[in-house]
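Everything below concerns the one structure shown next.
Since the structure is predicted, the reported quantities are computational estimates derived from the model, not experimental observations. Naming convention: chains lettered A, B, ... in sequence-line order (proteins, then strands); numbering from 1 in each chain. Computed from heavy atoms alone, side chains included, the values below leave out hydrogens, waters and symmetry copies.
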Amino acid sequence: MADGGGARPAEAELAAALLAWYDASRRALPWRAPPGERSDPYRVWLSEIMLQQTTVTAAQPYFIRFLKRFPDVRALAAAPVEGVMQAWAGLGYYSRARNLHACARVIVNELGGRFPDTIAGLEALPGVGPYTAAAIAAIAFGLPAAAVDGNVERVISRYYRVEEPLPGAKPRVRALAQALVPQRRPGDFAQAMMDLGATVCTPRGPSCGLCPWRAGCGAHAAGDMETFPRKAPKKAVPQRYGAAFVLVRDDGAVLLRVRPPRGLLGGMDEPPGSDWREAPAPPEAAALLAEAPFPARWRAAPGAVRHVFTHFRLTLTVFVAPAPPDFVPPPGCRWEPRRSLAAAALPNVMRKAVAHGLDCLSRDWRRLERAGAGKISGAGE
DNA sequence: TACCCGTGGTA
DNA sequence: TTACCAAGGGT
C-alpha cells in the first residue's frame, strides 16, 4: 500500500462521518427497512443474492415481483424449482436461482425456518459467500462484519491508495475495511459504504465534492481517483457461433426444451439448438442446418441474434419451420403455448432467438396474405 | 489461482 | 462498436 495526503482521521471518526452522511443521503430501496426498524433476514438475503454482480436498477423490479410470489422463506422452499427459475428468467447468473431455492429448503428443512445468525453459519449456505454472509450478518443481525463488495473495494483502495492490483489485494482491502466497522450500527455502516461507492465514489467521474471522506482520501489528494482500484489486465473474449431451431405449431405454440441443470444457462428453457463452436468467421448456413435436431422445412431467418456472455460472444443463426402435420415432440421437448411463452424460463438470449424466429414467420404470413395465397390457419402473432 | 457464470447501461 | 462494469459465488 502506498500513502496519500496528510494525517487521516481515526477509524471511529471516519465511521461517524460516513454514518452522518448516510443518514442524510441514503437511498430508499425496497429491501431496506426504514431508519430505526429491524431488517427482515429473508428480504436482506434475497436482495443480496439478486444484487450479486447486478445493478440496483435491474434487480429492483425482480425483487418486488419475487417477494409477492414468494413472501417468505417457507413459501420459497415449498415452491417447485421451475417456478423459481421462471421468476428469475432475464436476471442472469441462473445458478443463483438454483442455489437460492436450495438454500431456502436447507433453512426450512434443517434449520427450523430461521436464518443462521453467525458468519460461519451463513457462509455455509448455498450461494452465500464471504461478502453475502457479512452483509446479512451486519444488516439483519447487527454483527460488526465487513461486507466487502466492488463498491467497498473501490472506496477503500482509493482512500488508502492501495497499489496492489485486484484480486490479489482483496485480503488487504478487507482488513482495512474491517478496521473501520463500528460496533454501533454496523448494518447501516455496510449499506453506507455501498451507497457511497454507488452514488459518490463511482468508477468514473466520482463526485469528490460530496464525499464525507474527501479530506483524508489519498487518491483525491493525488487527483488520480479513477486509476483505483488497480486491476490485472483482462483477457480478450472469443467469438462463438451456433444455431437455434424454432419449430412453430399451427396454433402458435413453440417447441422448447430444458438445458442441463449445471453450466451455462443451467436449468433454463431454450429452443433446440446446435453446439456453439469457436471460429474466426460465421459458418455456412448449410453447415449449421446439418445440426438440426430433426427434419423439417427449416428456413434461415434473415440476420442473426447476437449476445454477449461473460467470457465469450455468441452469434446465433435462427432457423424456423412450421411443425410437420404428425409431429410428436422428441423426448425432453415440449410445446409451449404462445400465450404462456412470456412466462417461460427463457433466458434473454433464447427469448431473442425465439422472437427472431417468430418475427420471420409472421413476415412470411403477411407476405402470403398479400399475395392472396388463401387463408392462413392458426393464430397470428 | 483462474475460470466459469448473464445482462443491460454507459462512455 | 468496443470496453468496462454492477451489492460475487462455485469449482
Original post:
Hey, are A:Asp195 and A:Arg26 close enough for a salt bridge, meaning a charged N less than 4.0 Å from a carboxylate O?
Top reply: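 No, A:Asp195 and A:Arg26 are not salt-bridged.
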Subject >> Pairing of A:Asp72 and A:Arg43 as salt bridge, 4.0 angstrom limit >> reply: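 No.
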**OP:** Kindly say whether the aromatic ring centers of A:Phe245 and A:Phe294 come within a distance under 6.0 Å.
**Re:**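 Not close enough - the centres of the two rings lie 6.0 Å or further apart.
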Subject >> 5' priority, DNA chain B, between A:Pro167 and A:Leu265 [closest heavy atom] >> reply: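 Final value for this comparison: A:Pro167.
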Original post:
Which comes earlier along DNA chain B counting from the 5' end, the contact point of A:Gly263 or that of A:Ala58, where each point is its nearest nucleotide?
Top reply: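 Comparing both residues, the 5'-ward one is A:Gly263.
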If we only count heavy atoms from C-beta on, is the [X] to [Y] side-chain gap below 4.5 Å?
{"X": "A:Phe63", "Y": "A:Val56", "value": "no"}
{"X": "A:Glu164", "Y": "A:Arg230", "value": "no"}
{"X": "A:Trp45", "Y": "A:Cys103", "value": "yes"}
{"X": "A:Tyr131", "Y": "A:Glu48", "value": "yes"}

How would you label the contact of [X] with the nucleic acid (heavy atoms, under 4.0 Å): base, sugar-phosphate, or nothing?
{"X": "A:Gly90", "answer": "sugar-phosphate"}
{"X": "A:Pro126", "answer": "sugar-phosphate"}
{"X": "A:Trp88", "answer": "nothing"}
{"X": "A:Val349", "answer": "sugar-phosphate"}
{"X": "A:Leu91", "answer": "base"}
{"X": "A:Leu29", "answer": "base"}
{"X": "A:Val56", "answer": "base"}
{"X": "A:Thr57", "answer": "nothing"}

Atom-pair distance ([atom1] on [X]; [atom2] on [N]), nearest Å:
{"X": "A:Arg98", "N": "C:dT11", "atom1": "CZ", "atom2": "P", "value": "13 Å"}
{"X": "A:Arg204", "N": "C:dA3", "atom1": "CZ", "atom2": "P", "value": "14 Å"}
{"X": "A:Arg313", "N": "C:dT2", "atom1": "CZ", "atom2": "P", "value": "6 Å"}
{"X": "A:Lys170", "N": "B:dT1", "atom1": "NZ", "atom2": "P", "value": "10 Å"}
{"X": "A:Leu51", "N": "C:dG8", "atom1": "CG", "atom2": "C1'", "value": "11 Å"}
{"X": "A:Arg306", "N": "B:dG8", "atom1": "CZ", "atom2": "C1'", "value": "18 Å"}
{"X": "A:Glu153", "N": "C:dG8", "atom1": "CD", "atom2": "C1'", "value": "10 Å"}
{"X": "A:Leu100", "N": "C:dG9", "atom1": "CG", "atom2": "C1'", "value": "13 Å"}

Going by atom type alone, with no hydrogens or angles, which donor-acceptor pairs under 3.5 Å involve a side-chain atom of residues 111-119 of chain A and a protein atom two or more places apart or on another chain?
| residue | atom | partner | partner atom | Å |
| --- | --- | --- | --- | --- |
| A:Thr118 | OG1 | A:Gly121 | N | 2.9 |

Is any side-chain nitrogen or oxygen of [X] closer than 4.0 Å to OP1 or OP2 of [N]?
{"X": "A:His307", "N": "B:dT7", "value": "yes"}
{"X": "A:Thr132", "N": "C:dG9", "value": "yes"}
{"X": "A:His311", "N": "B:dC5", "value": "yes"}
{"X": "A:Gln53", "N": "C:dG8", "value": "yes"}
{"X": "A:Lys234", "N": "C:dC5", "value": "yes"}
{"X": "A:Arg154", "N": "C:dA6", "value": "yes"}
{"X": "A:Tyr93", "N": "C:dA6", "value": "no"}
{"X": "A:Asn99", "N": "C:dG9", "value": "no"}

From [options], pick the nucleotide closest to the side chain of [X]?
{"X": "A:Lys231", "options": "B:dT7, B:dC3, C:dC5", "value": "C:dC5"}
{"X": "A:Leu264", "options": "B:dT7, C:dA3, B:dC5", "value": "B:dC5"}
{"X": "A:Asp149", "options": "B:dC5, C:dG8, B:dT7", "value": "C:dG8"}

Original post:
Can a donor-acceptor pair under 3.5 Å be found between the side-chain atoms of A:Ser95 and the base atoms of C:dG9?
Top reply: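 A donor-acceptor contact between them is absent.
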Original post:
Looking only at N and O atoms, is any donor in the side chain of A:Thr55 or the base of B:dG9 less than 3.5 Å from an acceptor on the other one?
Top reply: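 Flag unset: no donor-acceptor pair detected.
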**OP:** With pairs defined as Watson-Crick or G-U wobble and both distances under 3.5 angstrom, please note down DNA chain B as a dot-bracket string, | for pairing with another strand.
**Re:** .||||.|||||
Original post:
Say you pick atom P in B:dG8 and the same atom in C:dG9; how far apart are they, in whole Å?
Top reply: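 Comparing P positions in B:dG8 and C:dG9 gives a spacing of 22 Å.
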Original post:
For atom P, what is the distance between B:dC3 and C:dC4, given to the nearest Å?
Top reply: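 Nearest-Å result for B:dC3 against C:dC4 at atom P: 16 Å.
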Original post:
Has A:Arg339 got more than 12 heavy atoms of other residues, nucleotides or ligands less than 6.0 Å from its CZ?
Top reply: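 12 or below, so no.
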**OP:** For A:Arg27 and for A:Gly127, find the nucleotide of DNA chain C with the closest heavy atom, then tell me which residue's nucleotide is more 5'.
**Re:**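 Mapping each residue to its closest nucleotide by heavy atoms, the 5'-most match is A:Arg27.
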Original post:
Does a donor on one side chain sit under 3.5 Å from an acceptor on the other, for A:Thr54 and A:Arg96?
Top reply: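 Per modelled atom types, A:Thr54 and A:Arg96 side chains form a pair under 3.5 Å.
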